[in-house]
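Data first, discussion second: the structure below is written as structure tokens.
Computed from a prediction, not measured in an experiment: that's the story for all the values here. Chain A is the first sequence line, chain B the second, and so forth, proteins listed ahead of strands; every chain is numbered from 1.
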Amino acid sequence: MTDDVWVYALSTCPWCRKTKQWFTDSKIAFEYVDVDTLPVDEQDEVAEKAYKLSGGRRFPVVVINGEVIVGHSPDKFLEHLKGWGG
Amino acid sequence: MGSAERKDSLRYLYERVVGPLGYKFTPDAELADFLLEQEVKLEQDHGAPYCPCQGRTGVRADDRAIVCPCIPFHREHFDKMKRCWCGLFVHTDVTDPDSLPQFPPDEG
């Protein structure tokens, strides 16, 4: 079984870039969306989803195996990745 | 005013605003430069230098709370982290900004 990883990001946010880079460097497969570069009619819906998940408007919002982590926090990423196993 | 000039004027303005709050620009000059560039773009596209790492809702009263420098709106949270959310500003005693964790207000 592999980890299910989703990253909600902003293209203007360096911590979102660091988060995506961390998963890439760690060779962990992940999906991501830069909310601010989506077509305008999609942005609100996806942004609202990220806000609901995180309880705020801060990015990055990372969902690992259903667990939500707000902010660039490799230690927490590792905690939740271990939970699912590889 | 061109982007480069606007970036310099934001830097000049911010220094005078955040100092009395106990904050300074991050010692990571490359990060500061990148963030200021993003803010100039956000100002050009959306009318104000919004935080590059927080989302706008389009509701003016909400979005005002993420116009840089947004420290006063998030003071307790940022003081806990010793940095603002995007890391453009850190507490004046910070020398190693990379060591500062990023976590939401209900953690840490």
Side-chain angles (χ1 to χ4, degrees), chain A residues 6-23 25-26 32-64 66-81 83, chain B residues 7 26 28-46 48-59 61-68 70 73-74 76-78 80-90 97-108:
Chain A
W6 251 97
V7 178
Y8 294 85
L10 294 174
S11 67
T12 53
C13 170
W15 305 95
C16 297
R17 293 184 184 203
K18 284 178 194 257
T19 291
K20 288 186 262 185
Q21 194 59 53
W22 186 87
F23 282 108
D25 294 346
S26 307
Y32 78 90
V33 56
D34 282 338
V35 177
D36 57 323
T37 60
L38 287 170
V40 175
D41 57 341
E42 290 178 41
Q43 278 188 28
D44 288 347
E45 186 190 332
V46 178
E48 210 45 55
K49 189 173 179 183
Y51 299 160
K52 215 162 266 167
L53 283 167
S54 64
R57 294 185 286 149
R58 295 165 200 90
F59 289 86
V61 178
V62 182
V63 185
I64 301 177
E67 296 285 331
V68 180
I69 299 125
V70 181
H72 176 65
S73 184
D75 293 345
K76 283 188 202 141
F77 300 159
L78 284 172
E79 273 171 40
H80 291 292
L81 286 168
Chain B
K7 194 167 79 170
T26 174
D28 183 338
E30 192 180 332
L31 176 65
D33 213 52
F34 176 80
L35 286 164
L36 285 169
E37 277 165 19
Q38 302 309 305
E39 289 192 12
V40 168
K41 252 189 278 172
L42 286 162
E43 183 178 46
Q44 289 165 352
D45 296 344
H46 303 288
Y50 291 107
C51 171
C53 295
Q54 298 183 75
R56 292 177 316 283
T57 62
V59 176
D62 296 341
D63 290 350
R64 187 185 55 175
I66 60 167
V67 174
C68 188
C70 65
F73 290 93
H74 311 274
E76 197 179 325
H77 174 206
F78 292 173
K80 263 197 294 188
M81 297 192 296
K82 302 191 81 169
R83 55 170 280 185
C84 67
W85 185 254
C86 71
L88 181 57
F89 306 114
V90 297
D98 278 350
S99 68
L100 300 175
Q102 187 183 39
F103 50 77
D106 55 349
E107 293 178 22

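For the side chain to side chain contact (heavy atoms under 4.5 Å, CB included) with B:P104, the qualifying choice from A:V70, A:I69, A:V61 is A:V70, the only one to do so.
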Pull every donor-acceptor pair under 3.5 angstrom between chain A and chain B and give the atom names with distances.
from  : atom 1 : to     : atom 2 : distance (Å)
A:T12 : OG1    : B:P52  : O      : 2.7
A:W15 : NE1    : B:C86  : O      : 2.6
A:Y51 : OH     : B:R56  : O      : 3.1
A:R57 : O      : B:G55  : N      : 2.8
A:R57 : NH1    : B:G55  : O      : 2.8
A:R57 : NH1    : B:D63  : OD1    : 2.9
A:R57 : NH2    : B:D62  : O      : 2.8
A:F59 : N      : B:C53  : O      : 2.9
A:F59 : O      : B:W85  : NE1    : 2.8
A:H72 : N      : B:Q102 : OE1    : 2.6
A:K76 : NZ     : B:E107 : OE1    : 2.6

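The distance from the CZ atom of A:F59 to the SG atom of B:C51 is 10.5 Å, given to the nearest 0.5 Å.
Ranked by heavy-atom pairs under 4.5 Å with chain B, the first of A:A50, A:G71, A:A9 is A:G71. Across B:G87, B:P105, B:P52, B:P101, the residue that shares the most heavy-atom pairs under 4.5 angstrom with chain A is B:P52.
For the pair B:G55 and A:L10, the tightest heavy-atom approach, listed with the atom from each and the gap, is N-CD1, 4.2 Å.
For chain A, the nearby parts of B:F103 are the backbone and the side chain; heavy atoms of each come within less than 4.5 Å.
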